[in-house]
Amino acid sequence: MSGRLGRRRRGLLLGSCLAAVVGAAAPGTAYAAGTTGTTGTTGTTNVPPTVQNLQVEAKDCTTGGDPVYTGAPHPMLTAQVMDPDSDTSTSEYELWWTDKDGAEQRRTLTGSRTGTNIHHTMWLTFDIPADTVISWRVRATDGIANSEWSPAGPGAACRFVYDDQSPETPVVTSSDFPEDTWWGGAIGVYGSLTMDSPSPDVVEYEYFFTGRPYATVHPAEPGGPVTIRYVPLSNGPQTLTVSAKDRAGRRSLSKSYMFYPAPASAPVSHWKLADPAGSTTAGAETGRAARAGRGVTFGAAAPTLTPLTATATLDGSGHGFLTTDTPAVDSGRTFAVGAWVRPAETGRAMTVLSQDTATGPAYSLGLDAPAGGPASWSFTLGGAKVSGGAPESGEWAYLLGVYDTETGDAQLFVNGQEQGTKVKAAPVAADGGFQIGRLRGEDGYRQRWHGEIGDVRAYDRLVVPQEVTSLARREGKQLGHWSFSTAENGTTPEADGGAPLRLGPGATIHGTPRNDCHPDLDPDCVLLPYPLSGKGDLDLDGEGGHAVLDTPVVDTGDSFTLGVVTKFAEADATRPMTILSQAGEHTDAFKLRYEPTSRSWQLVMPVRDEAGAPETVVARVATPAGDNGQGTRLAIVYDDGTDTVTLYADGFTDAGATAHLANGWTSHGPFQVGRAHTGEGTDGWGEYLKGHVDEIEAFAGALPAFEVGRLGSEF
């Protein structure tokens, strides 16, 4: 036999091509997947099939050991076919099993012709028995010749079992978090929960806690239990939802397990350091009193807008420390330590809190000042350190170091924000004294603190996110609120009797109109718009109209928040128009304006009080929406603790509306509504607003986002 037909009949084998074998093969030969070749007497390369590339429901074929389990009543079989002499080929499958009566059953299926060197698939169209081992083999054909069958001898055939039963609902138990029980476990404290199943073939549990991502765990043996560790991070009921999956991939019904953790516990050691001047010890709210060295002075200032009334000053000398004879917390387990601090210098390393061991500190929290590099805050445990933040002399910061023995993570928080990247650390148990303001070295104590320290706390648990924010929070204090409802003697009052705003020429109070005319009956009647909020708003003519407070409204060198509602027609925004500004001696400390070229709200803050100084600019792209009747609610937030300035529009911000501002400077000039310093004209003022302004609110402190979202709102 000669020609192509003769070559085609030399053999066709199932599988995928090995490049070396294919390159040496005689024309017209097809190959089995992933195999090695042998040469016959005819010179034709014969590559016997193997089972590595055969699958059941995308699971690799198994031989000899446990069969593949599937939950599909009509599973899909897959084999890879190659025939270098043809663009199409097909595969033939044979299946056999022993039925419940002991008789052997066999079935043969042939697939449709399709491309070569691809995975051919076959869905079983007949019913197969459940819980029965089904063996199968496969060969390739091109309609002229067949390959050999894939191995089918004892221990060589592919095998699978159809499982038609889903596993039973898993069972959850916990002595730490009893089901439907109040005050089981506690916020910030790890506990154990065990998942188990009555079904013996469960190989995986999928679970999640409300508000947290899904996770999976696997028992050591099919059907066995699995115990997970969990720490509640918030108040209220906690719900664990679990489902079991068996080896066939069938899933059980879900089990919901609810429990109610106790509130977070108080710190195990706590010193406010607000003791009377002249004290030689610091009284403890919890834990032991701390002995104070001669370099400690009580009665120092406390950070503003916090509940603290006083702190202690440490002079940086060998006598500037406080200490106890025992640890403040067990550092060999999960713990956290924190304090309010204000450094008097940042050019050298200084320790806020540390714990003695026989050879050095178990941990330390403080200020790091590497040679030639910028200062940063740091939390060190053993040989691991996490650093971040930018300490500033004379500026308050809240430091918190947290170590989680379950994850091995050490974290540092500064002013409620995580700094640096959490690091892996090994626990270091210690039984020596607790140190405030110094660190034990090989030759004695060093890194002595110079500055103020207050409200020192140590926890024997995790400090959860809500607490991290709360401990560092400085409450906003309202400095003024102007609603522009009335005017008297050229001024409009502040809501709580504070200083009124003085109205300049071109500024009027626009009150609630009567609107009792009917334009369809009287063409000369004009319906007037309602004010932005309440009983009135400030109407500015864009030519010189403004309102002014003859003193600053906020300290721009410290954290502050300003909110305002404004509205104007986009047709009137042919030039930049300023809504709010506060003057320095040579420039404005800030100005909030609309910039029509970029169609955006802008907050402009020069880095120093100097004409032409570099400016920090943040923007929110938006139209003024002058026709919606409500205007736009704008807010400025400067957070001196995190060195950020943020612009909000209608309660929202984005990445482009937040910027780094390391050092705000204090302006002493008047607060302006509707204009800004431009250096133009006879008086140097410009960017006059043509439009309406309402609900100006000023605060000392950086309000959190959820409070900013309410500024200017009637709801």
Side-chain angles (χ1 to χ4, degrees), residues 482 484 501-508 510 532 537-550 552-554 556 562-626 631-636 638 645 647-649 657 659 665 667-696 698:
W482 293 270
F484 302 102
L501 285 168
R502 179 165 45 85
L503 304 179
T508 57
H510 166 65
L532 294 177
D537 62 30
L538 178 65
D539 189 354
L540 302 173
D541 64 2
E543 298 178 0
H546 68 282
V548 62
L549 188 69
D550 292 325
V553 68
V554 293
T556 53
L562 277 168
V564 64
V565 183
T566 188
K567 182 183 77 169
F568 50 85
E570 191 168 6
D572 292 330
T574 58
R575 54 180 173 75
M577 298 193 299
T578 292
I579 297 96
L580 303 177
S581 68
Q582 186 166 297
E585 183 178 355
H586 304 288
T587 187
D588 292 320
F590 69 83
K591 61 180 175 182
L592 175 62
R593 68 176 188 168
Y594 185 76
E595 209 294 311
T597 303
S598 60
R599 297 170 64 87
S600 64
W601 304 104
Q602 285 187 347
L603 172 61
V604 181
M605 297 185 72
V607 298
R608 54 183 175 271
D609 190 4
E610 178 183 296
E615 299 174 331
T616 297
V617 180
V618 295
R620 283 274 292 165
V621 177
T623 61
T632 302
R633 297 182 295 115
L634 302 173
I636 306 166
Y638 172 51
V645 59
L647 173 62
Y648 291 83
W665 51 274
S667 62
H668 301 286
F671 174 63
Q672 305 284 337
V673 182
R675 67 178 184 176
H677 265 124
T678 61
E680 302 170 356
T682 57
D683 57 3
W685 295 100
E687 295 191 1
Y688 285 96
L689 172 66
K690 180 176 176 56
H692 296 256
V693 174
D694 207 352
E695 299 300 331
I696 295 176

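One is the number of the first residue; the rest follow in order along the sequence.
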query = Does the ring center of Trp665 lie less than 6.0 Å from the ring center of Tyr638?
reply = no
message = Please give me the minimum heavy-atom distance between Trp601 and Ala649, naming the atom from each residue.
response = CD1-CB, 4.5 Å
Stepwise side chain to side chain contact (heavy atoms under 4.5 Å, CB included) check, Tyr594 with Arg599 = CA-CA 7 Å; Tyr594 185 76; Arg599 297 170 64 87; 3.8 Å; yes
Close side-chain approach of Arg675 to Thr578, heavy-atom, < 4.5 Å = no
ask   = Which heavy-atom pair separates Thr678 from Gly686 by the least distance, and what is that distance?
value = OG1-N, 3.5 Å
ask   = Of all residues at least two apart in sequence or in a different chain, which pass the side-chain contact (heavy atoms from CB on, under 4.5 Å) check with Ala635?
value = Tyr648, Val708, Leu711
task = Decide yes or no for Lys690 and Phe568: does some side-chain heavy atom of the first lie under 4.5 Å from some side-chain heavy atom of the second?
result = no
query = Are the side chain of Asp550 and the backbone of Pro670 linked by a donor-acceptor contact shorter than 3.5 Å?
reply = no
key: Validation row: Pro606, Pro614 side chains within 4.5 angstrom (heavy atoms)   = no
ask   = Just wondering, do Phe484 and Asp539 contact through their side chains at under 4.5 Å, heavy atoms?
value = no
query = Just how far is it from atom CG of Leu647 to atom CG of Leu634, taken to the nearest 0.5 Å?
reply = 6.5 Å
key: Straight-line distance of Thr566 OG1 to Leu532 CG, nearest 0.5 Å   = 7.0 Å
note = CD of Glu695 to CH2 of Trp482, rounded to nearest 0.5 Å, is 12.0 Å
remark   = What one should report as the nearest heavy-atom pair of Ala547 and Leu501 is CB-CB, 4.4 Å
inquiry  = To the nearest 0.5 Å, what is the distance between OG1 on Thr556 and CD1 on Ile636?
reply    = 11.0 Å
query = Are Val607 and Thr616 close enough that some pair of their side-chain heavy atoms sits under 4.5 Å apart?
reply = yes
task = Could you go through the side chain to side chain donor-acceptor pair (under 3.5 Å) check for His510 and Asp537 one step at a time?
result = CA-CA 5 Å; His510 166 65; Asp537 62 30; 4.9 Å; no
message = Give me the atom names and distance for the closest heavy-atom approach of Pro576 to Glu595.
response = CG-OE2, 4.0 Å
key: Smallest separation among heavy atoms of Ser667 and Pro552, with atom names   = O-CG, 3.6 Å
request  = Would you give the length of the straight line joining atom CD of Gln602 to atom CD of Glu615, rounded to the nearest 0.5 angstrom?
outcome  = 9.0 Å
ask   = Is any side-chain heavy atom of Leu562 closer than 4.5 Å to a side-chain heavy atom of Leu592?
value = no
task = For the residue pair Trp685 and His677, categorise the inter-ring angle as parallel (less than 30°), tilted (30 to 60°) or perpendicular (more than 60°).
result = parallel
Side-chain (Gln672) to main-chain (Ala583) donor-acceptor, under 3.5 angstrom = no
key: Whether Arg575 side chain and Tyr688 backbone form a donor-acceptor pair below 3.5 Å   = yes
query = Do Val565 and Thr632 touch side chain to side chain, with heavy atoms closer than 4.5 Å?
reply = no
query = In Å, rounded to the nearest 0.5 Å, how long is the span from CG of Asp588 to CE of Met605?
reply = 11.0 Å
query = Who pairs with Arg608 by salt bridge (charged side-chain N to carboxylate O under 4.0 Å, His left out), at least two apart in sequence or on another chain?
reply = Glu610
